[in-house]
Amino acid sequence: MANNEKTAKFSLGDMELDLPILSPTAGPDVVDIRKLYSQGDVFTYDPGFTSTAACESAITFIDGDKGELLHRGYPIDQLADKSHYLEVCYLLIYGELPSSVQLKDFESLVTNHTMLHEQMIHFFRGFRRDVHPMAVMVGVVGAMSAFYHDSTDISDEHQREVASIRLIAKMPTIAAMAYKYTIGQPFVYPQNDLDYASNFLRMCFAVPAEDYVVNPILSRAMDRIFTLHADHEQNASTSTVRLASSSGANPFACIAAGIACLWGPAHGGANQACLEMLKEIGTPDRIPEFVARAKDKDDPFRLMGFGHRVYKNFDPRAKVMKQSADEVLELLGVENNPTLQVAKELERVALEDPYFAERKLYPNVDFYSGIILDAMGFPTSMFTPIFALARTVGWISQWKEMIADPTMKIGRPRQLYVGAPHRDYVNVENR
Ligand code: CMC
C-alpha cells in the first residue's frame, strides 16, 4: 500500500479535514478515514460494506468489471487449468508457487494430518441422523478446539502453522463423515496414498464391503471445484473469520464461525439452492415463469446462482465450471442431463433479458457447480460443506495474514443509533 500524497477534502460546517488517499497495487484508491471520528466527530455509514475496505490484504484480488480473479497475482483460470488444489493452498498461504521440493513436503504434511482424533468420531454420534451436514461441520470444526489444545495459542507462530495444516487436512475427513453419518453408512477413514480430492471421493463413496477405485477424471473435476472455491477476497464468511479472530479467539472457533456464515443462501448456500431451483424448473418451457418471478419486486424469489456483489461481468469461476460440467457429464454419459439443459437455457434467456443486463447480473460460481456435484452422486445438502472444505484455505490464509499484521486491532464497527434516547426506568406498577 502506498500513501500517494493525494488527499480527499472533507468538510462539514466549519470543519475541514484532509483525508489521505491510499493506492493499492490494483483496484480503486482508498480514502483513509481512520481519523474522521477523532478529528471530525462523525462516523461513516455503509451497511453491507458496499464502499468500505475493511482491511489491507495481499492474497486475492477481484476485478469485478473485467470478471477477473487473481490469487497472489495468478489468474484463476490458469490455476484451474494448470495447477491443483494443494499447490493453490500453498500459494495462498505462503504467497509464492512452491518449488517441487516445497510442494512435495507440503503435500506430505497435509496428508499426514488427515485422520481425526478417534474421540471426535463419538462426537458425530450426538447429532440426529437427519441433520444438515453443515450443522455437523459447524459443530465438529468448533469442537476441534477441544481436541487440539496444542494449536490454539495464536501468539505462537508454530501453533498457528500446525492449526492451519490440521484444518486443511482434516476438513475433507469431517465433511465426508458428516455425509456418511446422515446416510447411515460406516465412516471411511482416509487413505494416505491417494491425492487430496481422490481421498475425499473415496471417504464419501466407498463402503467397507466393496473395493472402490477412484475415477481419475472425477477426481480431477473434484480438485478443480476445490481450486475454484479456494479464496475470494473479503466475502461475508472471510470477513466473519477475520472479525471473530480479531478478538484473539482460537482458529478452530473462528473457522467454525466462517462455516456458519457460509451456510446462508446468499453466500455458500446458493449452490444447494441453485440446483434445487433448476430441478424445480424442470423443463426449459417453464423458464419464462421463473424469470418473470425473479423480476417481480413483489416476489422474494431470486435466480439462484445469478448476480454477485463484486462481479459486474461473468464470474470467471463460472466459465471454468461450465466447461467442467460439460466434461464430467459427457464422461458419465449423461450429457443430455435435463438439469444442465435447463441451466444452459436459463443462462441464455437471462443474459438476453434487459432486467439482468441493466443490473449486470451474470452466472456466478454456484450456477454450474451443483450440476457437477449432483452428477458425481452428491446430495444437494453436501454442496455447501464441499464449498466450506475448499474455502478453508482462504479463511486460513486471511486469518494468518491478519494475525501477523502488527497494526491488527479488534474489529469494532460503530452504528447509526435510531433507538430511544436516554429515559428513566419506570417501576412496573407505574407503567
Ligand atoms: N435474481 C434477480 N434479481 C437479482 C438477483 C438475482 N439473483 N441478484 C440481484 N438482483 C437484483 C436486485 O433485486 C436488485 O435490483 P434493484 O436494483 O431493482 O432493486 C439488484 O439486482 C442489485 O441487487 P442487490 O441485492 O443490491 O445486490 P447485492 O450485491 O447486495 O447481492 C447477491 C449480491 C449475490 C447476494 C445477489 O445477487 C443474490 O442474492 N444472488 C442470488 C444468490 C447467489 O447466487 N449467491 C451466490 C453468490 S456467489 C458465491 C459466493 O460468493 O458465496
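Along the sequence shown, the residues carry numbers beginning at 1. Indexing begins at 1, ligand by ligand and atom by atom, following the structure's order.
Nearest to atom 36 (C) of ligand 1 among the protein's heavy atoms is Arg302 NH1, 3.3 Å. When hydrogens are left out, the protein atom nearest atom 7 (N) of ligand 1 is Leu303 O, 2.7 Å; that is the closest non-hydrogen contact. The protein heavy-atom contact nearest to atom 42 (C) of ligand 1 is Met304 CE, 3.5 Å. What sits closest to atom 49 (C) of ligand 1 on the protein, heavy atoms only, is Asp366 OD2, 3.2 Å.
Contact check on Asp65 versus Lys360 returns no salt bridge, with no Lys/Arg side-chain nitrogen under 4.0 Å from an Asp/Glu carboxylate oxygen. Between Arg317 and Asp77 there is no salt bridge, since no side-chain N of the basic residue sits under 4.0 Å from a carboxylate O of the acidic one. At a threshold of 4.0 Å, the pair Lys322-Glu347 counts as salt-bridged, since one of the basic side-chain nitrogens sits closer than that to a carboxylate oxygen. A salt bridge does not link Arg286 to Glu280: none of the charged side-chain nitrogens sits closer than 4.0 Å to a carboxylate oxygen. A salt bridge between Glu345 and Arg348 is present, with a side-chain N of the basic residue lying under 4.0 Å from a carboxylate O of the acidic one.
Within the 4.0 Å cut-off (strictly below), a protein heavy atom is located near atom 16 (P) of ligand 1. Remark: atom 22 (C) of ligand 1 lies closer than 4.0 Å to no protein heavy atom. Distances from atom 52 (O) of ligand 1 to the protein include at least one heavy-atom value under 4.0 Å.
Within ligand 1, counting atoms from 1 as listed, the ones closer than 4.0 Å to a heavy atom of Ala294 are 2 (C).
Close N/O approach between Gly305 and ligand 1 is found [any backbone or side-chain N/O within under 3.5 Å]. Residue Tyr355 has at least one N or O atom closer than 3.5 Å to an N or O atom of ligand 1. Remark: ligand 1 and His232 share no N or O pair separated by less than 3.5 Å (distance only, no angle test). Residue Phe387 places no N or O, backbone or side chain, under 3.5 Å from any N or O of ligand 1. Between Leu361 and ligand 1, no pair of N/O atoms sits closer than 3.5 Å.
Assignment of Asn235 to the shell around ligand 1 is not supported, since no heavy atom sits closer than 4.0 Å. In this structure, Lys297 has a heavy atom closer than 4.0 Å to ligand 1. Phe301 does not count as a contact of ligand 1, since none of its heavy atoms falls under 4.0 Å from the ligand.
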- Task: Check step by step if side-chain contact (heavy atoms from CB on, under 4.5 Å) holds for Phe205 and Phe378.
- Result: CA-CA 9 Å; Phe205 296 123; Phe378 287 104; 3.6 Å; yes
- Apply side-chain hydrogen bond (donor to acceptor under 3.5 Å, both in side chains) to the pair Gln398 and Asp231, showing each step before the final yes or no. CA-CA 9 Å; Gln398 305 264 351; Asp231 192 39; 3.0 Å; yes
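Contacts between Arg359 and ligand 1, counted as non-hydrogen atom pairs separated by less than 4.0 Å, involve the side chain only. With a heavy-atom cut-off of 4.0 Å, Leu262 does not touch ligand 1 at all. Of the heavy atoms in Phe367, none comes closer than 4.0 Å to ligand 1.
Judged purely by distance below 3.5 Å, without hydrogens or angles, the side chains of Thr52 and Asp46 pair a donor atom with an acceptor atom. For the residue pair Asn271/Thr384, the side-chain donor-acceptor check at 3.5 Å is satisfied. Neither side chain, Thr60 nor Glu233, offers a donor N or O lying under 3.5 Å from an acceptor on the other.
In terms of heavy-atom proximity, Phe356 sits nearest to Ala294 at CZ-CB, 4.2 Å.
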